[in-house]
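What follows is a short report on a single structure.
Everything numeric in this text was worked out from a predicted model, so none of it was measured. In each ligand, atom 1 is the first atom listed, and ligand 1 is the first ligand listed.
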Amino acid sequence: MTPIKECLINKKTNLNPIWLMRQAGRYLPEFREIRKNNTNFINLCLNSNLSEEITLQPIERFDFDAAIIFSDILMIPFGLGQSVEFKKNFGPSLGNISLDKLSETNEAIFTERLSPIYKLLQNLSRNNKLIDKDLIGFVGAPWTLLVYMINKVSPKNGLSKDFFNNKELIHSLLTIIDKFIKIHIKNQVNAGATLIQVFDSWAGLITDKFDQYLYNPTLSIVDYTRQLGVPVICFPRGISNYSEFCKIVNPDMVNIDYSVDPKELIKKVRIPIQGGLDPKILLTDKENLRNKTTKYLEIFKNHPYVFNLGHGILPQTEIEMVKELVKIVRDFK
Ligand code: CP3
């Protein structure tokens, strides 16, 4: 059994497996080299050969315990026929949606559009470099996908004023999103994903109707993934009540962000925990990195814990600091 599964399923402590969110990406010179010649990000995600190479880059450098496929949460809107573009120094930009147009996409069309992602997983699941490692597939959570599909750009400065205006649109979209997230998970599992992570990057923007936007939609995805026999990790970034989330949604593991007090959380939460370290710590110095990393490891000594960050690794992170982080985690006794 892989170290992450030992932790998740057998609730082993002190193993401290490690992988990092956004480990396949812009802080790696070898990624930037490929990206330079592939200016269309969606097409890069749909190039199974290059995606395989990028997925394996951080494994070759740091020997992480899991590979996360090089893809994006916005491949679901793309698969549904909404246009998705990534603009330099701006982030994602999505096109207008119409329910009529979305409803033209059925399971077969969606699966065909995203087939290179499933091919990528098939190839990776046969790759010797991933023996004894997990292969993580992922999806955006229903709320976060709803946010991107309606808001059309990252809501860094909050949601657009009219976001909640069209209740019928929201209701219909949530139904469509639920259906296609499940199809995407099923396809990834059938192609060899051994774990699924659900990224709810904008969960912190939910201020009321938690049942409607957070708990019920996420629970539906978690229950479905479990039925497929694959463990599921949830990352409801920025929410104020992780213990309530764990009680209601009860995923196999929860990833915490860096605003969570880990000491307080383990008093209330029984399920395995992942992550927490502020990615900005990797931009400081080795001594500070050791102090902050060791703090998490000490707190989680008697709790099943997978080392990770409290959000994705930052593009300006130095390779040397990532090497040091892995060493600190692996040497910890
Ligand atoms: O973790 C990994 O290394 C696997 C690949 C992965 C990417 N995106 C590749 C990527 C994963 C798991 C994601 C998830 C994702 N995508 C999330 C959830 C996690 C989070 O960060 O909150 C979100 C919100 C997105 C949407 C998205 N994709 C944004 C907002 C951006 C632009 C800003 C940014 O963070 O880079 C992307 C682009 C993107 N996705 C890049 C990569 C490597 C950068 C592409 C580039 O410009 O070279």
Side-chain angles (χ1 to χ4, degrees), residues 18-47 50-62 64-78 82 84-94 117 120-121 124 134-149 151-157 181 184-185 188 193 195-205 233-239 255-258 274-275 278-280 308-317 322:
I18 175 172
W19 68 280
L20 303 181
M21 292 188 285
R22 298 297 194 93
Q23 65 188 23
R26 291 184 297 187
Y27 71 109
L28 289 175
E30 57 271 36
F31 169 75
R32 289 198 296 266
E33 194 55 38
I34 293 180
R35 183 76 168 100
K36 214 168 59 192
N37 307 319
N38 293 271
T39 49
N40 183 320
F41 183 75
I42 294 279
N43 285 349
L44 183 54
C45 290
L46 294 174
N47 181 328
L50 285 177
S51 297
E52 180 173 10
E53 197 179 326
I54 297 167
T55 303
L56 294 170
Q57 284 172 349
I59 304 302
E60 280 157 10
R61 258 194 202 265
F62 309 112
F64 289 126
D65 291 291
I68 181 161
I69 55 163
F70 179 75
S71 182
D72 201 89
I73 63 164
L74 299 179
M75 296 312 285
I76 287 185
F78 171 83
Q82 186 175 15
V84 181
E85 253 186 281
F86 289 84
K87 297 182 183 158
K88 217 175 167 168
N89 303 323
F90 180 78
S93 171
L94 286 76
I117 303 177
L120 163 70
L121 276 157
L124 285 165
D134 276 292
L135 179 54
I136 304 178
F138 65 89
V139 291
W143 164 256
T144 285
L145 291 185
L146 183 76
V147 164
Y148 278 109
M149 290 177 80
N151 204 64
K152 297 188 281 187
V153 294
S154 291
K156 287 175 205 149
N157 307 314
I181 287 178
H184 195 40
I185 290 175
Q188 291 184 76
L195 278 175
I196 294 292
Q197 177 146 330
V198 180
F199 287 94
D200 210 349
S201 303
W202 298 108
L205 293 178
I233 309 166
C234 283
F235 182 26
R237 184 169 74 93
I239 61 167
N255 194 104
I256 55 174
D257 63 74
Y258 47 85
Q274 170 176 280
D278 187 340
K280 289 194 283 300
N308 204 320
L309 304 173
H311 196 193
I313 187 166
L314 295 162
Q316 58 277 42
T317 307
V322 183

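Residues Ile34 and Gln57 meet the side-chain proximity criterion, which asks for heavy atoms closer than 4.5 Å. At least one side-chain heavy atom of Met75 sits under 4.5 Å from a side-chain heavy atom of Ile42. A heavy-atom distance below 4.5 Å is found between the side chains of Tyr148 and Ser154. Looking at heavy atoms from C-beta onward, Ile18 lies in side-chain contact with Phe64 at the 4.5 angstrom threshold. Between Pro58 and Leu28 the shortest side-chain heavy-atom distance falls below 4.5 Å. In this structure, the side chains of Pro155 and Trp202 come closer than 4.5 Å at one or more pairs of heavy atoms.
When every heavy atom of Asn308 is checked against every heavy atom of Met21, the shortest pair comes out as OD1-N, 2.9 Å. Scanning all heavy atoms of the two residues, the minimum distance from Lys280 to Leu314 falls at CG-CD1, 3.8 Å. Contact detail for Tyr27 and Thr317: the closest heavy-atom pair is CB-O, 3.7 Å. Heavy atoms only, all atoms of each residue included: Gln274 and Trp19 are closest at OE1-NE1, 3.0 Å. Listed here is the closest heavy atom pair of Val84 and Pro77: CG2-CB, 4.3 Å.
Nearest protein heavy-atom contact of atom 11 (C) of ligand 1 is Phe138 CZ, 3.5 Å. Taking atom 37 (C) of ligand 1 as the reference point, the nearest protein heavy-atom neighbour is Phe86 CE2, 3.3 Å. Residue, atom and distance of the protein heavy atom nearest to atom 3 (O) of ligand 1 are Ala24 N, 2.8 Å. Nearest protein heavy-atom contact of atom 8 (N) of ligand 1 is Asp72 OD1, 3.1 Å. The single protein non-hydrogen atom nearest to atom 23 (C) of ligand 1 is Ile73 CD1, 3.5 Å, given as residue, atom name and distance. Ranking the protein heavy atoms by distance from atom 35 (O) of ligand 1 puts Arg22 NH1, 3.0 Å first. At the top of the distance list for atom 45 (C) of ligand 1, counting protein heavy atoms only, stands Phe41 CE1, 3.4 Å. Of the protein's heavy atoms, Arg26 NH2, 4.2 Å lies nearest to atom 33 (C) of ligand 1.
Between Met21 and ligand 1, not a single N/O pair is under 3.5 Å apart. Remark: ligand 1 and Tyr148 share no N or O pair separated by less than 3.5 Å (distance only, no angle test). For ligand 1, none of its N or O atoms has an N or O atom of Trp202 under 3.5 Å away. For Arg237, no nitrogen or oxygen atom sits less than 3.5 Å from a nitrogen or oxygen atom of ligand 1, counting backbone and side chain alike. Taking any N or O of Arg35, backbone or side chain, at least one lies under 3.5 Å from an N or O belonging to ligand 1.
The shortest heavy-atom distance from Thr55 to ligand 1 is not under 4.0 Å. Residue contacts with ligand 1 include Phe31, since one of its heavy atoms falls under 4.0 Å from the ligand. Not close to ligand 1: Lys88, with no non-hydrogen atom less than 4.0 angstrom away. Using a 4.0 Å heavy-atom cutoff, Gly312 is absent from the residues neighbouring ligand 1.
Atoms of ligand 1 found under 4.0 Å from any heavy atom of Gln23 (numbered from 1 in listed order, with element): 1 (O), 2 (C), 3 (O). Those atoms of ligand 1 that come under 4.0 Å of a heavy atom in Ile69, given as number and element, are 4 (C), 5 (C). Close approach of ligand 1 to Phe199 (heavy-atom distance below 4.0 Å) involves ligand atoms 12 (C), 18 (C), 19 (C). Using a 4.0 Å cut-off to heavy atoms of Ser201, the atoms of ligand 1 that qualify are 18 (C), 19 (C), 20 (C), 22 (O), 24 (C). Close approach of ligand 1 to Phe70 is summarised as follows: ligand atoms under 4.0 Å from at least one heavy atom of the residue are 43 (C). Taking every heavy atom of Ser71 and a limit of under 4.0 angstrom, the matching atoms of ligand 1 come to 5 (C), 6 (C), 7 (C), 8 (N), 9 (C). In summary, the atoms of ligand 1 found under 4.0 Å from a heavy atom of Ser154, numbered by their order in the structure, are 30 (C). Those atoms of ligand 1 that come under 4.0 Å of a heavy atom in Pro92, given as number and element, are 29 (C), 30 (C), 31 (C), 32 (C).
Using bins of under 30°, 30° to 60° and over 60° for the plane-to-plane angle, the ring pair Phe31/Phe70 lands in the tilted bin.
In Gln197, neither the side chain nor the backbone holds a heavy atom less than 4.0 Å from any atom of ligand 1.
For the side chain to side chain contact (heavy atoms under 4.5 Å, CB included) with Glu52, the lone residue among Ile54, Leu56, Thr55, Leu50 that qualifies is Leu56.
The closest donor-acceptor contact from the side chain of Asp134 to the backbone of Ile136 lies at 3.5 Å or more, if one exists at all. Of the possible donor and acceptor atoms, none in the side chain of Gln188 sits under 3.5 Å from a partner among the backbone N and O of Ile196.
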